[in-house]
Amino acid sequence: MRLVFAWLLALGVLCTAVRAAADEPLAVWHAYRGDEKLALETLLAQFEKKTGRKVEALQVPHDAYAAKLTAAVPRGHGPHVFIDSHERLGDLEERGVVATIPIATAGLDEFSARAIEALSSGAGLRGLPLALKCLALYVNQDLLGLPPASLEGFADLRLPTGVVPLAYETRNMYFHAAVLHAFGGSQLGPNESFGFAGDPGVRSLELVASLTHRGALPEEASGAVVGELFKTGRAAAVVSGPWFASDVGQSVRYRVVPLPKVARAGQPMRPFLTVEAAALTPRGKADPGALALAEFLAREGAEVRARSGRQVVALRELPPGVRDDAFLVAFARQAEDAVVMPSSPRMRATWEPAERALKKALSGTVSPAAALAEAERRFDDVVRPPPARRSPTLAWIVLGLLTLGGSFRFWQKSRGGELGVALRRSIPAYAWVAHAALAIGALVFFPIAVGAGTSLFAGRQGEMHYVGLANFVEILTARGAPLLSSGSFYLVLLITLLWTVLNLALHVGIGFGLGLLLSRPTLALKPLYRVLLIVPWAVPSYVTALAWKGMFSRQFGAVSALVEAFGIEPFSWWARFSTAFSANLATNVWLGFPFMMVVTLGALTSVPKEVLEAAEVDGATRWQRLTRVTIPMVVPTMLPAVLLGAIWTFNMFNVVFLVSGGEPDGTTDTLVSEAYRWAFTRQAQYGYAAAYAVLIFLLLSFASKATSRVSTARAR
Amino acid sequence: MMSAAGEKKPSVIESVLSHAVIVTLVAFSLYPVAWVISTAFSAGSAPERRILPVPGHFTFAHVVEFVTSPHVLSQAGSSLVVSVATALVGIAIALPAAYALSRFSFVGKEAGVRLLLATQMFPMVASAVPLYMVLEALGLLDTRTGLVVCYATTSVPFAIFQLRGAFDSIPKDLEEAAMVDGATRLGAFLRVVLPAARPAIAVTGLFAFMSAYNEFILAATILGKEEALTLPVVLQRYVGEHDAQWGTFAAGSILVSLPVMLLFYVVQRNLVSGLTQGGVKG
């Protein structure tokens, strides 16, 4: 009897739990756009109708996807189901974002075996496979009836002038990997070492360099440029993925075929295969509805995803309705012969060094072998084991002594009773600042303090250990490399200083000059000019940074067109430090001069008219009035703005990251973009990135203290 | 207006030169924006690199796509609500603190000012995750309130500098006279000081509005409902992993920038005097 009662109770609890779960809508996160998004929405609506369970979809921008998942899910928030590619799921599983799905292998027969292989982890499946993504060959049928059988064959094609035989992003490692695989290489080598090395690496680089030299491939092609070339009929063929189809649309007649052979290697080009999957979070795993939804999307939803989403669905056989779809069949065939992208965290650390070596070798500044050797060194540097665990005792002692010292000083001061009086007198003022102190303390100081504290730890997020000042020691000693070697703290600091000084000089120079011109009472059209000159300030900087990047493009950029008008052959702006740095500089000067102009205009109004008139009466020339009266009078007003401008420029991230992206070879990176790379692309070493942030902070506070001391000294 | 005070009539050459310099810089400042506009209204692609930003084949399709994307109205509303609230909350927090820093001397004032300046020097890279933890503790995740709280507090240090400079430049006699006439400190602040600092408040508010209006990483991380997303997040979604819908991105960028341009235009007369008053005097 008691047993039955216990059963009933348990059942009741279970029922309420299930009901509570059923009331809550299932949250799905994805980064789909266009047709894929529409197909997903159709399926989610079908699922709602079928099961009666509400589903809420959220499209997250790709740039913020990983950050949002890792911030929300480990703390019990976020979606039940999310869609991501398999090579990221491995990392996310380690961070507690992915809960594996324990499914008996028998139930997985209908899926592509390679997809299941890609998603398997020790504990089960990291997600149910939805779609396969890999590269294949898009052929313009009006220009090329039958594509050459080998990659080398593209160099011998006879095409109308102005038409490139083959276009793809040669300087993007994801694309180059297909060539590397043909030579038997791999990006992540045995034992998780750096694989873009040795004979296959060198030969793959030599081949692409020679094909570029012979005109079979364009010199420098971003994804946008490749798209333009193909859509305007100026590329006979293009290597790209299924996503390219929506960009091309109906502009040219094309078909998709598998990638050609590499004759020198005797093997076909083999692209990377990534598998997009519906993964469950721990929260989703606890809710039966989430698995049902993932299953629905993967199995029953396959036909809709293939037909209207144009997805290469990850099934053993394409659904009946699309079995004759040449596009899907071609990609499915290519996927069979693709290399599953490794999903280990170390794979993610290969991209940056590999791509830098690729760019360096193809630009011809160094030999392929030297570029690859350097890349290997860089990779080893990034994946070096974190500093050894240290006992935090010393830190506690230091902290204790500091607290003790502080309280002693406080006690000393308060003993005279003066502090007490002063404090009592301050109380009315505190009433005015208390709320600001509270708000800034909780939401500005606290995060900064915790962030700064992270600099004493190392290891991956979630399993960090205390290492004392080891991160700082590593940064300041350049990890054993020569102190001014590429990417070292000191070299990057020098670049950052050059960047700050030049920007500030141009900001202030242009801003001050314009301020002077615009303050002349006789100038016509002043209000109009003022509004137009402020425009760069008003447009969001991430938009204009991208616009500037486009303007510097070699094939289509407006700046290249301007350069050409002066009779100079357009060149790649990102191949040399001087030009890449100038491009960044131009962008940032553009963004920053309006602020200084407005500050100047403001400061000029504080120069009394009488003083200038008196100077004129005394016979001062205009130049003398400017240098002896106006400038000395506006300097004190402008100095704080200039100081803030210097801090903002020093920490400017958008421009460096979006315009040059550190190219060539990381030489245009500044300290902040370097910190960002350590935090996000180089194995998420937050402690190391935080140490950079602390160093930046110390440098800036030292500099601002020195400036204010100089300016007060001068004022005296 | 001062540097040229006393010059009655500039020579023709001189004014032609001034106009030439200014027009060159106006061209410099409008050129990239013109390219964004051209991209927004171009269908398909241009055959050659060009100097002048003229659309290839004129089209409204990108604009229409952005405007008709689902929830776009509520997202625009969300952007405005968040940005206006940020400006209001930020100013409300900063005003009394800036006033106290300008008028009173108290224990910890110098240290406080130094700490405020210090917050501007620490790069955001390292403080984003702890910020998320604070919001979680406050139960403000997935809410626009949480976003406003973040934006407003991060805008406060700069706002305090601005407003403190403005208050410094307002003569103390004004409020002292009011207090002699029987007004309280608060009354004098509200009725005498605030009206005198109006331009600086407007400009500071504009800065806070803009920083909130253009931010997307934090917004994308915190917000979790399709209808509540702010416009920069929506824009960013047109840029994918492998490809991007540049036309729609550009069209959206222009539409998103319009309110800020308009605000700049409205505030522009105040901009100069507001900044002088604040003078970013630190």
Side-chain angles (χ1 to χ4, degrees), chain A residues 61-62 64 68 71 228 231-232 243 247 422-423 426 429 432-433 436 439 443-444 447-448 450-451 516-517 519-522 529 532-536 538-540 543-544 547 556 560-562 598 601-602 604-605 607 609 612-613 616 630 637 640-641 647 651 672 675-676 679 690 693 697 700, chain B residues 1-6 10 18 22 26 29 32-33 35-36 45 47 49-51 93 96-97 100 104 106-107 118-123 125-127 130-132 136 141 153 156 214 217 220-221 226 233 236-237 240-243 253 257 260-261 264-265 268 271-272 275-276 279-282:
Chain A
H62 176 259
K68 192 171 170 71
E228 295 285 286
K231 283 188 283 182
T232 52
W243 55 84
D247 187 22
L423 271 178
S426 308
W432 289 76
V433 294
L443 286 136
V444 181
I448 288 180
V450 173
L516 279 182
L517 283 178
S519 66
R520 306 174 71 148
T522 49
Y529 284 149
L532 293 181
L533 285 167
I534 278 173
V535 163
V539 185
V543 171
T544 41
F556 297 100
S560 295
L562 275 173
V598 172
L601 278 172
L604 284 176
T605 57
V607 180
K609 218 184 218 163
L612 284 168
E613 276 164 5
E616 200 186 3
T630 310
T637 339
I647 293 175
N651 281 344
V672 172
Y676 180 90
F697 169 76
L700 284 175
Chain B
M1 337 255 125
M2 301 304 145
S3 70
S18 328
I22 296 176
V26 166
S29 68
V33 179
W35 273 106
V36 178
S45 11
R49 53 177 159 254
R50 292 157 305 155
I51 297 177
I93 296 177
F104 306 130
F106 53 89
V107 179
T119 60
Q120 301 293 299
M121 300 175 183
F122 200 88
V125 169
S127 57
L131 185 63
Y132 190 90
E136 187 188 23
L141 281 184
T153 43
V156 162
N214 288 341
I217 294 268
T221 311
E226 190 74 31
V233 183
Q236 214 64 35
R237 298 195 300 191
E241 184 183 6
H242 298 290
D243 59 336
S253 307
S257 309
V260 181
M261 300 255 203
F264 256 99
Y265 185 73
Q268 73 117 353
L271 201 56
V272 173
L275 264 172
T276 332
V280 212
K281 273 180 189 143

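Proteins get letters first, then strands, A, B, ... in listed order; numbering begins at 1 in each. What's counted below: heavy atoms across the whole structure, side chains too, no hydrogens, waters or symmetry copies.
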So what's closer than 4.5 Å to chain A heavy atoms on [X]: side chain, backbone, both or neither?
X: B:Glu136; value: side chain
X: B:Val26; value: both
X: B:Phe122; value: both
X: B:Leu131; value: both
X: B:Phe106; value: both

- For B:Ser29, what residues pass the side-chain contact (heavy atoms from CB on, under 4.5 Å) criterion, not counting sequence neighbours?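 Result, side-chain contact (heavy atoms from CB on, under 4.5 Å) vs B:Ser29: A:Leu533, A:Pro536, A:Trp590, A:Phe593.
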
- Message: Once side-chain contact (heavy atoms from CB on, under 4.5 Å) is applied, do any residues pair with B:Pro130, and if so which ones, sequence neighbours excluded?
- Response: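 B:Pro130 satisfies side-chain contact (heavy atoms from CB on, under 4.5 Å) with A:Pro447, A:Val450 once adjacent residues are dropped.
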
What are the two closest non-hydrogen atoms of [X] and [Y], and how far apart are they?
X: B:Gln120; Y: A:Asn651; value: O-ND2, 4.2 Å
X: A:Leu443; Y: B:Thr153; value: CB-OG1, 3.4 Å
X: A:Asp247; Y: A:Lys231; value: OD1-NZ, 3.1 Å
X: A:Ala693; Y: B:Pro123; value: O-CD, 3.8 Å
X: B:Ala220; Y: B:Val233; value: N-CG2, 3.8 Å

Between [options], the one whose heavy-atom pairs under 4.5 Å with chain B are most numerous:
options: A:Phe697, A:Tyr676, A:Trp432, A:Tyr529; answer: A:Trp432
options: A:Pro61, A:Ser426, A:Gly451; answer: A:Pro61
options: A:Ala547, A:Pro540, A:Ala422; answer: A:Pro540

Engaged part of [X] at the chain B interface, taking heavy atoms whose separation is under 4.5 Å:
X: A:Val444; value: side chain
X: A:Ile534; value: side chain
X: A:Ala679; value: side chain
X: A:Ile647; value: side chain

- Message: Quick one, A:Val539 and B:Met261 - any side-chain contact, counting heavy atoms below 4.5 Å?
- Response: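 They are in contact (side-chain heavy atoms under 4.5 Å apart), so the answer is yes.
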
